[in-house]
Undergrad: 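Here's a structure for you.
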Amino acid sequence: MNRKYLKWFGMFLACAGLLFFSCGQDPEIDPAPDPGENETPVSEKTLKVNQFIFDDVKNYYLWTSTINWSAVNPKNETNSFTFFEKMIYRDDSWSMLTDDAEGFHHILDGVATTFGYELIWGRFINSTARYAIVLYVYPGSPAEKAGLKRGDFLVSIDGRKDITDSNYMDLYQAPSITLGKATLGENGYLIPDNQLVSMNAVWMYEDPVVKDTVIVKGSHKIGYLCYTNYTEESEKRLQEVFAGFKRQGVTDVVLDLRYNGGGYARTSCLLSSILAPAHAVKQKDIFLTQTWNAIMMAYFKQTKEDTNEYFTDTISINMDLSRLFVLTLRFTASASESTMLGLKPYMDVIQIGEPTHGKYYAGALISPMVFDSRRNTWIPDKEIENWLLYLMVYRYADRNGDTSFSGGLEPDYFAQEDYGYVLPQLGDVRDPLFGKAVEMITGESVRTRSASSLPHPHPIDSVLLRSPLNGKLIFSR
């Protein structure tokens with residue numbers, strides 16, 4: 001029995017962190033095509049990697065039916081990345097292959113050598129110079145210790161040099177850095193303020209619980225949480241936050257997912273179970289349903305394995321909400337979207353902000369394994385254990401199984417961050433997204449716009465830039 005280890009993350013929301021095939025027959029894998037006379041020789045190691053890719057894409061890939069398998073030959077491709085790309089469905093921008101498994105795991109777990117901030121970028125009009133705006137800083141990070149905060153403008157790099165296309169990634173990747181700050185003048189210009197901020201990057205866990213607070217407005221106690229990544233490490237912290245909300249008698253919750261691109265399945269299920277009505281959690285109702293490829297759906301039918309996902313026991317800290325306010329931007333993706341979709345049949349989920357990214361697919365991490373006949377078990381293949389597949393394996397839907405939706409989830413109330421103004425701090429009612437939620441909760445209007453404008457510099461498409469991995473921007477982790 002092939003008990004190949006699949007570690008699920010991104011939008012694989014089975015609530016358990018691991019899935020093992022434990023009974024029945026394995027899904028069938030067709031043999032690789034025989035090499036022809038004119039094929040290019042492939043090294044043994046590359047062939048092993050190619051076969052690993054071939055076998056698992058054949059079995060588990062959601063869009064395996066779109067592949068012309070007669071034209072795909074692992075024995076005749078000298079570049080494994082090229083071989084992988086030949087099989088990927090044209091609309092799949094998330095599946096990927098890496099030969100740095102350890103580094104990819106660190107990214108998923110929220111661990112990095114980092115300054116500990118997230119930035120959005122702009123370019124000055126009629127100039128090649130860039131500037132950066134701090135969106136948030138991670139607790140305990142070099143950025144926080146250096147005094148950087150949300151809304152700060154960064155306009156120069158080491159030695160008062162302009163930030164340009166050739167050096168802007170140093171703000172993420174350099175081992176150390178000195179940055180020049182600027183203030184927003186009354187005339188709308190950025191004015192360098194002679195404040196230099198020096199930092200050394202450190203290896204750290206970037207705690208995604210960036211901000212939590214309770215705001216009292218009349219009879220309302222509003223619990224606010226800004227959460228940026230569904231990491232397993234954050235589960236204890238999430239439980240502490242909501243236990244605190246319960247102790248303080250929180251009546252309404254605002255979940256800020258505007259910068260959250262997804263994360264681990266178990267964590268998403270946990271958070272959703274904390275927020276859901278108590279009756280759904282007690283009964284362990286269906287949270288999400290799954291649609292796999294035909295091979296896997298037949299396999300699950302044969303083995304009588306349940307592919308539904310269920311709320312998990314969180315009664316001690318369950319908020320028993322009838323409504324939830326969620327703040328979103330187009331960076332909101334994957335596990336964040338599933339949290340919203342999974343909860344909607346059970347409660348009123350009120351979305352404020354911009355449409356989300358629109359990723360409704362489960363990603364699986366698949367490692368190369370070999371069968372150890374002495375121990376009668378599967379073990380990591382040491383020769384190619386640095387390789388890793390991140391593969392879309394199913395589409396999820398709510399308990400009703402509706403998969404008709406496409407594109408991002410549309411907000412109930414449209415609101416934007418305005419990067420031409422000084423950004424209010426997270427959890428500040430002057431923030432346009434959070435302020436709208438507070439208005440809806442209390443019925444009282446809130447002033448949400450900062451006083452100063454920024455007409456001369458302007459953001460570049462308001463794109464959130466992250467360090468690239470294999471040339472792709474990863475929304476799902």
Side-chain angles (χ1 to χ4, degrees), residues 8-15 93-94 107-110 118 135-136 206-212 223-235 237-238 241-242 253-276 287-288 309 311 319 321 323-363 392 395-398 405-413 415-417 426 433-434 437 464 466 473-477:
W8 305 105
F9 71 99
M11 271 320 312
F12 184 79
L13 296 175
C15 293
S93 60
W94 307 290
I107 290 173
L108 302 180
D109 293 334
E118 192 63 81
L135 291 177
Y136 60 88
E206 295 175 322
D207 183 356
V209 179
V210 171
K211 177 71 175 182
D212 65 281
Y224 168 84
L225 169 65
C226 181
Y227 187 51
T228 62
N229 188 6
Y230 288 79
T231 66
E232 291 183 342
E233 181 70 21
S234 69
E235 291 177 8
R237 184 79 181 92
L238 286 174
V241 167
F242 284 101
V253 172
V254 179
L255 179 62
D256 191 344
L257 299 177
R258 71 183 93 177
Y259 309 121
N260 194 316
Y264 277 96
R266 191 181 80 174
T267 312
S268 177
C269 188
L270 172 70
L271 177 59
S272 300
S273 300
I274 291 172
L275 298 167
F287 173 47
L288 292 174
E309 303 162 23
F311 290 113
M319 298 300 295
L321 297 175
R323 66 177 181 177
L324 172 69
F325 296 86
V326 184
L327 311 184
T328 67
L329 296 176
R330 62 189 172 282
F331 315 129
T332 308
S334 198
S336 295
E337 291 168 310
S338 76
T339 295
M340 298 165 64
L341 279 173
L343 289 173
K344 279 185 176 183
Y346 299 96
M347 60 195 300
D348 192 8
V349 178
I350 303 162
Q351 181 182 345
I352 299 171
E354 297 178 351
T356 62
H357 176 65
K359 178 178 182 290
Y360 309 116
Y361 303 100
M392 296 301 106
R395 178 163 182 169
Y396 70 85
D398 66 16
F405 53 87
S406 62
L409 299 176
E410 293 290 333
D412 298 289
Y413 298 91
Q416 288 181 302
E417 286 192 326
L426 296 171
L433 281 73
F434 182 51
L464 185 67
R466 299 180 184 273
L473 181 67
I474 304 302
F475 286 93
S476 178
R477 302 190 174 193

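In this chain, numbering begins with 1 at the start of the sequence shown.
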Undergrad: Measure the CG-OG1 distance between Leu257 and Thr228 for me, rounded to the nearest 0.5 Å.
TA: 10.0 Å
Undergrad: So Tyr361 and Trp94, would you call those rings parallel, tilted or perpendicular, with 30° and 60° as cut-offs?
TA: tilted
Undergrad: For the rings on Phe434 and Tyr224, is their centre-to-centre separation under 6.0 Å?
TA: yes
Undergrad: Measure from the side-chain N and O atoms of Glu337 to the backbone N and O of Gly358, and report whether any donor-acceptor pair falls under 3.5 Å.
TA: yes
Undergrad: Take Lys344 and Asp398, measure what side chain to side chain contact (heavy atoms under 4.5 Å, CB included) needs, and give me the verdict at the end.
TA: CA-CA 8 Å; Lys344 279 185 176 183; Asp398 66 16; 5.9 Å; no
Undergrad: Sub-3.5 Å donor-acceptor pair from the side chain of Thr332 to the main-chain atoms of Leu329, do we have one?
TA: yes
Undergrad: Taking all atoms of both residues into account, what is the closest heavy-atom pair of Ser272 and Phe287, and its distance?
TA: OG-CZ, 3.2 Å
Undergrad: Which value, rounded to the nearest 0.5 Å, describes the distance between Asp412 atom CG and Asp348 atom CG?
TA: 7.5 Å
Undergrad: Rounded to the nearest 0.5 Å, how far apart are NZ of Lys211 and CG of Asp256?
TA: 12.0 Å
Undergrad: Assess whether side-chain hydrogen bond (donor to acceptor under 3.5 Å, both in side chains) is satisfied between Ser336 and Asn260, documenting all intermediate values.
TA: CA-CA 7 Å; Ser336 295; Asn260 194 316; 3.2 Å; yes
Undergrad: Give me the atom names and distance for the closest heavy-atom approach of Ser234 to Asn229.
TA: OG-O, 4.1 Å
Undergrad: Please examine the side chains of Val253 and Met319, heavy atoms only from C-beta on, and report whether any two atoms are closer than 4.5 Å.
TA: yes
Undergrad: Taking all non-hydrogen atoms of both residues, which atom of Met340 and which atom of Val349 are closest, and how far apart?
TA: O-CG2, 4.1 Å
Undergrad: Got a donor-acceptor contact below 3.5 angstrom from the Thr328 side chain to the Thr356 backbone?
TA: no
Undergrad: Could you check whether any side-chain N or O of Glu354 sits under 3.5 Å from a backbone N or O of Ala415, counting only pairs where one atom can act as donor and the other as acceptor?
TA: no
Undergrad: Report the distance from atom CZ of Phe331 to atom CD of Glu118, rounding to the nearest 0.5 Å.
TA: 9.0 Å
Undergrad: Would Asp212 and Arg237 count as a salt bridge (Lys or Arg N to Asp or Glu O under 4.0 Å) if you check the C-alpha gap in whole Å, the side-chain angles of each, and the deciding distance to 0.1 Å?
TA: CA-CA 11 Å; Asp212 65 281; Arg237 184 79 181 92; 3.0 Å; yes
Undergrad: Taking it one step at a time, do Leu225 and Leu255 satisfy side chain to side chain contact (heavy atoms under 4.5 Å, CB included)?
TA: CA-CA 5 Å; Leu225 169 65; Leu255 179 62; 3.9 Å; yes
Undergrad: At what distance, to the nearest 0.5 angstrom, does OH of Tyr264 lie from OH of Tyr230?
TA: 15.5 Å
Undergrad: Please determine if Arg266 and Glu235 form a salt bridge, counting it only when a charged side-chain N lies under 4.0 Å from a carboxylate O.
TA: yes
Undergrad: Quick check: closest heavy atoms across Leu275 and Met347, and the distance to 0.1 Å?
TA: O-CE, 3.7 Å
Undergrad: Please report the shortest heavy-atom distance between Arg258 and Glu417, naming the atom on each side.
TA: NH1-OE2, 2.8 Å
Undergrad: Has Tyr360 got a side-chain atom pairing as donor or acceptor with Gly407's backbone, closer than 3.5 angstrom?
TA: yes
Undergrad: To the nearest 0.5 Å, what is the distance between CZ on Arg395 and CG on Leu288?
TA: 12.0 Å
Undergrad: So which heavy atom on Cys226 is nearest to which on Leu426, and how close?
TA: SG-CD1, 3.8 Å
Undergrad: Could you go through the side chain to side chain contact (heavy atoms under 4.5 Å, CB included) check for Leu238 and Val209 one step at a time?
TA: CA-CA 7 Å; Leu238 286 174; Val209 179; 4.2 Å; yes
Undergrad: Give me the ring orientation class for Tyr346 and Phe311: parallel if the planes are under 30° apart, tilted from 30 to 60°, perpendicular past 60°.
TA: perpendicular
